[in-house]
Amino acid sequence: MGALARLEELGVELPSVAVPLASYIPATQVGNQVWTSGQLPVVGGELPAAGKVGAEVSLDKAQELARTAALNALAAIDGLVGLDRITRVIKVVGFVASDPSFTDQAAVINGASDFLGEVFGDAGIHARSAVGVAVLPKDSPVEIEIIVEIAE
């Protein structure tokens, strides 16, 4: 089953590609890989939450936002090469705007990783980094980058 069909089965609608906030493109292809720019959890052009995880944003909400940001990364890939060309998720990089006392960044980024596993099965298992940062663009709690392998 392709990724688009799996999203439909999960009841998830692929959004439009998010408009870049600055001087960059949403995704770029290098050989048989696609690298996304950092994607925020934007829904309908708006951030559904802002602030630091562990203060204004709960762990559960941050995981949901990481899932949304991963979905936006998939939209960027779909807009460039088509989602059904993905053969493997290689790496996820997650940034978490964290309250100084918050130390569970890995659990936040599980929201993205678990979602990719739901969509791609074993091909969604990937290497990953989860990094705590002081602030992200637009005061977003999370930002996700994805690198995937695609079929020729």
Side-chain angles (χ1 to χ4, degrees), residues 3-4 6-30 33-81 83 86 88-149:
L4 289 171
R6 181 65 180 137
L7 286 173
E8 185 176 330
E9 187 178 86
L10 291 169
V12 176
E13 185 176 331
L14 192 64
S16 299
V17 179
V19 176
L21 299 176
S23 300
Y24 61 90
I25 56 176
T28 190
Q29 181 179 348
V30 179
Q33 295 181 356
V34 174
W35 296 51
T36 70
S37 294
Q39 299 291 316
L40 303 180
V42 174
V43 176
E46 302 291 328
L47 276 175
K52 306 294 181 278
V53 180
E56 300 89 0
V57 179
S58 71
L59 173 60
D60 288 342
K61 182 64 175 178
Q63 289 172 325
E64 176 187 321
L65 295 169
R67 177 185 175 104
T68 300
L71 180 62
N72 289 340
L74 294 182
I77 295 165
D78 187 58
L80 183 65
V81 299
L83 201 58
I86 295 174
R88 178 176 177 222
V89 179
I90 297 170
K91 185 166 185 180
V92 171
V93 179
F95 301 95
V96 181
S98 304
D99 180 80
S101 65
F102 184 77
T103 61
D104 213 359
Q105 290 80 9
V108 170
I109 305 307
N110 281 348
S113 294
D114 293 347
F115 174 64
L116 293 169
E118 289 178 50
V119 175
F120 296 102
D122 287 345
I125 298 170
H126 52 269
R128 190 180 88 178
S129 298
V131 182
V133 298
V135 68
L136 289 166
K138 304 293 183 187
D139 202 23
S140 177
V142 299
E143 182 173 340
I144 299 290
E145 299 174 4
I146 298 177
I147 303 167
V148 298
E149 178 182 63

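What's counted below: heavy atoms across the whole structure, side chains too, no hydrogens, waters or symmetry copies.
- Scanning for salt bridge (Lys or Arg N to Asp or Glu O under 4.0 Å) contacts around Glu8 gives an empty result, with sequence neighbours left out.
- Atom OG of Ser140 sits about 11.0 Å away from atom CD of Gln39, to the nearest 0.5 Å.
- Rounding to the nearest 0.5 angstrom, the gap separating the NE2 atom in His126 from the CD atom in Glu149 is 15.0 Å.
- At a threshold of 4.5 Å between non-hydrogen side-chain atoms, the residues Leu74 and Leu116 count as touching.
- Contact of the Arg128 side chain with the Asn110 side chain is registered, since non-hydrogen atoms from C-beta on lie closer than 4.5 Å.
- Across Ile90 and Gln33, no two heavy atoms sit closer than the pair CD1-NE2, 3.7 Å.
- Put simply, the side chain of Leu40 reaches to within 4.5 Å of the side chain of Glu143, judged on heavy atoms.
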Report task. For Phe115 and Ile144, run side chain to side chain contact (heavy atoms under 4.5 Å, CB included): C-alpha distance rounded to whole Å, both residues' side-chain angles, the deciding distance at 0.1 Å, then the answer. Result -> CA-CA 12 Å; Phe115 174 64; Ile144 299 290; over 6 Å; no
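- Of all heavy-atom pairs spanning Leu65 and Ala49, the tightest one is CD1-CB, 3.9 Å.
- For the pair Arg88/Phe120, no side-chain contact is recorded, criterion being any heavy-atom separation below 4.5 Å from C-beta on.
- Here the closest heavy-atom approach between residue Leu4 and residue Leu83 is recorded as CD2-CD2, 3.8 Å.
- In this structure, CD1 in Ile86 is found 4.0 Å from CD1 in Ile77, a value given to the nearest 0.5 Å.
- Side chain of Thr36 to backbone of Ile146: a donor-acceptor contact under 3.5 angstrom is found.
- When atom types are taken as modelled, the side chain of Ser98 and the backbone of Val53 share no donor-acceptor pair closer than 3.5 angstrom.
- In this structure the side chain of Pro100 never reaches within 4.5 angstrom of the side chain of Lys52, judged on heavy atoms.
- Pro15 places a side-chain heavy atom less than 4.5 Å from the side chain of Leu71.
- Side-chain contact between Leu47 and Pro41 is present, with at least one heavy-atom pair separated by less than 4.5 Å.
- Listed by first and then second residue, the salt bridge (charged side-chain N to carboxylate O under 4.0 Å, His left out) pairs involving residues 95-122 are Arg67-Glu118 (not counting sequence neighbours).
- Considering every non-hydrogen atom in both Ala112 and Ala70, the closest pair reads CB-CB, 3.8 Å.
- Shortest non-hydrogen contact noted between Pro141 and Val57 is CG-CG2, 3.8 Å.
- Annotation: side chain of Gln63 is in contact with side chain of Leu59 (closest heavy-atom distance under 4.5 Å).
- Closest approach of Val42 and Asn72 over heavy atoms only: O-ND2, 3.0 Å.
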